[in-house]
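Throughout, protein chains are lettered first and strands after them, A, B, ... in sequence-line order, and every chain is numbered starting at 1.
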Protein chains: 2
Amino acid sequence: MAAVSRYQRKKHGMGFGNVSERRSAPPQVGVSVVILALGPGDAGNSGASPDAARSQLWMPLVKRVRQPFMGCWALPGGHLRADRSLEQSAFEALESTTALHPRYLEQLYTFGDPDRSHGGLPMVSIVYWALVEQSEATAFEDGDNVRWFPEDDLPRLAFDHRTIIEYALERLRSKIEYSDVATRLLGPTFTLRQLHDVYEAIAGQSIDLANFRRKMLASGDLEDTGMKRREGRQRPAAVYRYVPEESVNPATRAVFERPGFHTSDRTGMAAEHRRNTTHDDALAPLIPSAQR
Amino acid sequence: MAAVSRYQRKKHGMGFGNVSERRSAPPQVGVSVVILALGPGDAGNSGASPDAARSQLWMPLVKRVRQPFMGCWALPGGHLRADRSLEQSAFEALESTTALHPRYLEQLYTFGDPDRSHGGLPMVSIVYWALVEQSEATAFEDGDNVRWFPEDDLPRLAFDHRTIIEYALERLRSKIEYSDVATRLLGPTFTLRQLHDVYEAIAGQSIDLANFRRKMLASGDLEDTGMKRREGRQRPAAVYRYVPEESVNPATRAVFERPGFHTSDRTGMAAEHRRNTTHDDALAPLIPSAQR
DNA sequence: GCAAAAGTGTTTTGGCTACACCCATGG
DNA sequence: CCATGGGTGTAGCCAAAACACTTTTGC
């Protein structure tokens with residue numbers, strides 16, 4: 001991290017002409033997205049390593065085809081269009097570069113320090129993070145300019161994108177503790193073991209399965225679908241669906257809500273993107289989800 | 001909230017000329033700040049009501065002098081300058097409109113839906129929130145265009161600023177549970193009762209004082225200054241200072257840090273603003289603080 | 001001594017951890 | 001009948017809640 005920072009400063013001093021001129025120009029506004037999915041780990045894979053190697057988070061990156069940082073990998077992104085909401089812009093940036101359909105989309109942070117630009121125009125990046133389900137990620141074919149990388153083996157990244165990714169991962173790690181984001185990395189239904197593996201992948205450490213299942217069931221947000229599913233060759237496991245707690249009292253519920261951040265009427269998101277959108281989580285500003 | 005939303009849409013359709021033209025223009029970028037301080041409650045006030053009426057959060061707002069929303073109150077703000085960091089811009093917006101010195105400053109959220117503009121140019125607002133200490137807030141003289149309002153009695157607000165304020169309050173409420181933000185509403189030293197009152201003011205409910213003091217002391221982040229202070233006419237209380245937990249192991253600490261968000265070298269904040277800045281809280285992106 | 005706030009002790013509870021254990025299924 | 005994963009039981013620990021209690025001060 002420190003190395004990146006030093007590199008930035010060095011480059012700045014390297015005599016690009018008219019720096020002060022560019023610095024006073026109005027800032028450009030871009031939208032970038034950190035897209036995360038569960039990699040093809042052992043989960044759901046019959047021929048996996050017997051050692052129960054933990055699944056990992058993967059993310060798609062795009063190769064830069066121009067300066068600065070030509071040849072480096074970068075977060076998918078695009079420009080902000082004035083007639084689109086920020087979420088919509090993020091959605092479009094995500095879709096046009098990767099053709100993926102996120103099951104979760106949330107604003108992460110806005111970066112805008114002048115030294116991000118590296119001799120280019122001053123740049124403000126509104127960054128979102130997204131989760132796509134495992135099946136979609138594993139079906140994805142890498143191309144020349146878009147490729148998936150595992151969380152712990154990222155290539156050389158453009159700008160401060162390394163920092164941004166770290167931040168997104170941290171946000172995910174903290175958010176699994178009090179929301180349903182983990183389920184967004186799986187399909188609409190899942191076994192408790194699958195969910196458990198997601199938590200382990202995100203947390204990066206082992207979690208007692210027995211206690212995990214009790215805690216999850218005690219939360220009251222999981223509903224037994226009545227179906228059974230077999231991962232390996234053993235006893236089939238019960239299949240659950242995430243169902244948020246009923247809000248008994250609207251007044252009570254209001255305390256936990258963020259007005260204006262997750263009701264579809266105020267998102268400004270176009271209808272074709274809003275299809276199948278759920279708003280079950282008070283902590284999720286906007287959640288484009290697949291079928292439920 | 002719903003009413004505001006409806007109003008917005010109505011206004012949009014009301015025949016301002018060339019709406020589509022304006023909508024495709026590049027977005028303007030502004031910076032706004034939600035500034036919060038403890039109001040002149042009973043704490044530190046000898047002639048207060050005997051009923052122990054809880055202190056409250058207050059915030060300064062500025063009156064708009066032009067359309068849209070002329071005459072309404074709004075969050076202090078300014079334009080984003082390309083040669084300043086976002087935090088610096090927020091700091092300047094805050095200082096130029098209110099002349100206050102925040103002890104805490106953190107990015108809140110970026111708002112940018114097209115329907116925020118109300119017929120004006122498409123507008124992206126990068127919103128920060130700030131805490132100033134009580135003494136500075138009570139010393140502030142209201143003017144014609146800048147006035148303090150209590151959290152629960154806000155005037156008619158411009159744009160979606162009502163929503164933004166609610167969100168800032170929610171962030172504060174959740175953040176007192178795992179960081180030292182509460183202390184930023186007081187001076188550098190304080191008694192446990194003062195701190196307790198801050199927590200009650202923010203949470204909006206009573207908190208058992210005996211348990212509160214134990215919990216705070218057990219956290220290990222409070223240091224007894226050895227001094228005593230008397231609020232009323234009774235027994236003097238011990239005065240504490242906030243001292244963050246020592247990071248024994250740098251590797252362990254790294255897990256809790258957000259690289260790039262709270263080391264002064266990367267903030268880009270000008271030196272004169274960085275004076276007396278502390279970086280004790282891994283959760284605080286940047287903390288301009290008064291003397292410590 | 002009395003009121004009021006500072007500060008301490010004590011019991012109970014509920015959630016979480018660790019880990020032992022039984023059950024269902026395919027081979 | 002055994003290996004493997006699904007699923008349950010349970011004892012111990014610890015943090016927080018509730019509230020009774022002692023201490024220090026000004027008047």
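The distance between atom OH of B:Y199 and atom P of D:dA17, rounded to the nearest whole Å, is 13 Å. The distance between atom CD of A:E231 and atom P of D:dG7, rounded to the nearest whole Å, is 11 Å. Taking atom CG on A:L217 and atom P on D:dT8, their separation rounds to 8 Å, with Å as the unit. D:dG7 atom C1' lies 13 Å from atom NE2 of A:H196, rounded to whole Å. Following rounding to the nearest Å, B:N211 (CG) and C:dG9 (C1') show an atom-to-atom distance of 11 Å. Between the OH atom of A:Y240 and the P atom of D:dG6 there is a distance of 12 Å, given to the nearest Å. When rounded to the nearest whole Å, the span between CZ of B:R213 and P of D:dA17 equals 16 Å. Across the protein-nucleic acid pair, A:K228 atom NZ and D:dG5 atom C1' stand 13 Å apart, rounded to whole Å.
The residue B:R193 sits close only to the backbone: its heavy atoms come under 4.0 Å of sugar-phosphate atoms, none of a base.
Minimum heavy-atom separation, A:F212 to A:L192: CE2-O, 3.8 Å. Taking all atoms of both residues into account, the shortest heavy-atom contact from A:M59 to A:E151 is CE-CA, 4.1 Å.
The B:K215 side chain lies nearest to D:dA16 when the options are D:dA16, C:dC19, C:dT8. Side-chain proximity of A:A210 to the nucleotides C:dT8, C:dA20, C:dA5 is greatest for C:dA20.
In this structure, A:R171 contributes its side chain and A:L108 its backbone to a donor-acceptor pair below 3.5 Å.
Checked options A:R229, A:E223, A:R241, A:Q194; the residue passing with A:T189 is A:R229 (criterion: side-chain hydrogen bond (donor to acceptor under 3.5 Å, both in side chains)).
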Do B:L195 and B:Y199 pass the side chain to side chain contact (heavy atoms under 4.5 Å, CB included) test, and can you show the C-alpha distance, the side-chain angles, and the key distance before you say yes or no?
CA-CA 6 Å; B:L195 192 59; B:Y199 272 79; 3.9 Å; yes
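Comment: A:R103 does not engage A:E136 in a salt bridge, judged by the lack of any side-chain N to carboxylate O separation of less than 4.0 angstrom.
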Between the protein and nucleotides 24-27 of chain C, list the N/O to N/O atom pairs that are separated by less than 3.5 angstrom.
{"unit_1": "C:dA24", "atom_1": "O4'", "unit_2": "A:R235", "atom_2": "NE", "d": "3.4"}
{"unit_1": "C:dA24", "atom_1": "O4'", "unit_2": "A:R235", "atom_2": "NH1", "d": "3.4"}
{"unit_1": "C:dG26", "atom_1": "OP1", "unit_2": "A:R230", "atom_2": "NH1", "d": "3.3"}
{"unit_1": "C:dG26", "atom_1": "O4'", "unit_2": "A:R233", "atom_2": "O", "d": "3.2"}

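Of the residues in residues 200-209 of chain B, B:D208 come within less than 4.0 Å of DNA chain D through at least one heavy atom, sorted by number.
The base of C:dG9 sits within donor-acceptor range of the side chain of B:R214, with an N or O pair under 3.5 Å.
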